[in-house]
Amino acid sequence: MQLDRSRARRRNLLLAALPEKDLSLLIPHLKDIPLVQGVVLQEQGERVEQVYFPHDGIVSLLAVMQQGDAVETATIGYEGAVGSLSGLGPRLSHTRAVVQVAGFSARIAAERFRKATEESNEILNIIVHYGEMLLIQVQQTAACNALHPVEARLSRWLLQARDRLDGNTIKLTHEFLSQMLGVRRTTVTVIASMLQEAGLIRYHRGQIEIVDRPGLEGRACECYEAMRRQIDHVTPVPLS
């Protein structure tokens with residue numbers, strides 16, 4: 001099944017940046033698939049077999065320890081791609097890619113993507129530029145996790161999620177949030193309650209609604225603006 005653009009409220013920005021002749025190398029091989037919350041798209045240490053270009057939803061990249069603990073190192077939405085570096089040659093995934101917020105995506109086999117990259121400097125340039133941006137995001141997230149309090153990090157994550165979605169409601173459990181932030185679930189519950197009492201968010205079972213974005217921005221750390229600037233610098237259309 002080819003990519004159904006009529007279903008996409010948003011189109012992946014990397015694909016949108018490609019000239020028609022370069023995009024035509026990918027279109028016959030792209031498939032439109034749902035992104036189901038909790039599904040692992042790529043496992044750490046395994047060969048990258050598919051490349052995903054999300055149109056909606058959020059994919060988290062998790063660094064997984066031997067004992068099974070995991071922490072988020074980056075998030076990917078409609079501004080990016082999962083597994084894009086496989087366009088440069090066969091790759092093993094350095095992280096686990098898991099769907100944290102449901103949506104849908106275009107998917108292409110990594111081998112097909114490599115062949116298209118060999119024929120297109122435009123695709124190659126997008127891979128390189130986006131790879132640089134993703135590395136910056138990983139570095140910024142590492143610094144954020146080490147230096148900033150949980151309230152600031154949670155506020156930053158919610159704002160990043162909102163930028164990638166069509167509305168103010170994020171369907172996400174405290175369990176997922178605790179894994180992404182690398183803290184206990186009870187800690188997330190306490191901090192979320194504080195943000196709710198401050199009138200910044202409204203928490204229902206399995207979803208969080210942002211009700212005061214400016215106020216939440218005031219609670220977020222500097223990493224939110226730093227990451228947003230990097231994404232806007234690389235992508236052709238700024239995140240909303």
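Everything quoted here is computed from the prediction, not taken from an experiment.
Counting non-hydrogen atoms of neighbouring residues, nucleotides and ligands closer than 6.0 angstrom, the CZ atom of R112 reaches no more than 12 such neighbours. Around atom CD of Q66, no more than 12 heavy atoms belonging to other residues, nucleotides or ligands sit under 6.0 Å away. Enclosure of atom CD in E119 by more than 12 non-hydrogen atoms of other residues, nucleotides or ligands within 6.0 angstrom is indicated.
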Exercise for the section: Tell me, with the steps shown, if T189 and Y203 meet side chain to side chain contact (heavy atoms under 4.5 Å, CB included). Expected result: CA-CA 10 Å; T189 300; Y203 178 70; over 6 Å; no
Practice task
Could you give me the CA-CA distance, side-chain angles and deciding distance for E151 and L195, then say whether side chain to side chain contact (heavy atoms under 4.5 Å, CB included) is met?
Solution key: CA-CA 8 Å; E151 181 185 47; L195 294 177; 3.7 Å; yes
Problem - L172/W157 under side chain to side chain contact (heavy atoms under 4.5 Å, CB included): CA gap, chis, key distance, verdict - result: CA-CA 12 Å; L172 196 68; W157 196 96; 3.4 Å; yes
Exercise for the section: Under the side-chain hydrogen bond (donor to acceptor under 3.5 Å, both in side chains) rule, what do Q44 and S93 come out as? Steps first, then yes or no, please. Expected result: CA-CA 5 Å; Q44 182 171 296; S93 179; over 6 Å; no
Problem - Intermediate values then yes/no, side chain to side chain contact (heavy atoms under 4.5 Å, CB included), I210 and T169 - result: CA-CA 6 Å; I210 296 176; T169 300; over 6 Å; no
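Cluster annotation: I170 is connected to L216 through the hydrophobic network of ILVMFWY side chains, with a link wherever side-chain heavy atoms come within less than 4.5 Å. Connection of V188 to I201 is established within a shared hydrophobic cluster, with ILVMFWY side chains joined at heavy-atom distances below 4.5 Å, either directly or through further cluster members. Both Y52 and L26 are part of a single hydrophobic cluster, where members link through side-chain heavy atoms under 4.5 Å apart. By the rule that hydrophobic residues join a cluster once side-chain heavy atoms approach within less than 4.5 Å of another member, V51 and V36 end up as members of one cluster. Residue V39 is grouped with residue I76 when hydrophobic side chains (ILVMFWY) are merged at heavy-atom distances under 4.5 angstrom, including chains of intermediate members.
For the residue pair I126 and A17, the shortest heavy atom distance occurs at CD1-CB, 4.0 Å. When all heavy atoms of A106 and L15 are compared, the pair lying nearest together is CB-CD1, 4.3 Å. When all heavy atoms of S60 and T75 are compared, the closest pair comes out as OG-CG2, 4.1 Å. Across every non-hydrogen atom of R202 and V211, the tightest pair is NH1-CG1, 3.5 Å. Among all heavy-atom pairs drawn from L62 and A70, the shortest one is CB-CB, 4.2 Å. Residues G80 and N12 approach most closely at O-ND2, 2.7 Å, considering heavy atoms.
Note that CD of Q139 is 10.5 Å distant from CE of M227, once rounded to the nearest 0.5 Å. In this structure, L200 CG and Q196 CD are separated by 10.0 Å, a value rounded to the nearest 0.5 Å. Between the CD atom of E175 and the CZ atom of R184 there is a distance of 14.0 Å, given to the nearest 0.5 Å. The structure places CD1 of I191 at 10.0 Å from OG1 of T186, a figure rounded to the nearest 0.5 Å. Atom CG of residue L25 and atom CG of residue L30 lie 11.0 Å apart, to the nearest 0.5 angstrom.
Looking only at distances, a side-chain donor or acceptor of T73 sits under 3.5 Å from a matching main-chain atom of L61. Distance alone, capped at 3.5 Å, places no donor-acceptor pair between the R114 side chain and the T117 backbone. Formation of a donor-acceptor pair under 3.5 Å by the D56 side chain with backbone atoms of L165 is not found in this model. Checking side-chain atoms of Q140 against main-chain N and O of V138 turns up no donor-acceptor pair under 3.5 Å. In this structure, the side chain of Q42 does not engage the main chain of A97 through any donor-acceptor pair within 3.5 Å. In this structure, R107 contributes its side chain and I33 its backbone to no donor-acceptor pair below 3.5 Å. When atom types are taken as modelled, the side chain of H148 and the backbone of R153 share no donor-acceptor pair closer than 3.5 angstrom.
At a cut-off of 3.5 Å, with distance as the only test, a side-chain donor of R156 or Q160 sits close to an acceptor on the other residue.
Put simply, the residue from F113, Y78, F104 that forms a ring-ring contact (aromatic ring centres under 6.0 Å, His included) with F53 is F113.
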Name each donor-acceptor pair under 3.5 Å that joins a side chain in residues 81-92 to protein atoms two or more places apart or in another chain, with its distance.
residue : atom : partner : partner atom : Å
S86     : OG   : G83     : O            : 2.7

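Remark: E217 pairs with L159, R213, Y224 by the side-chain contact (heavy atoms from CB on, under 4.5 Å) rule, at least two apart or across chains. For E122, the side-chain contact (heavy atoms from CB on, under 4.5 Å) partners are L18, P19, D22, S120, not counting sequence neighbours.
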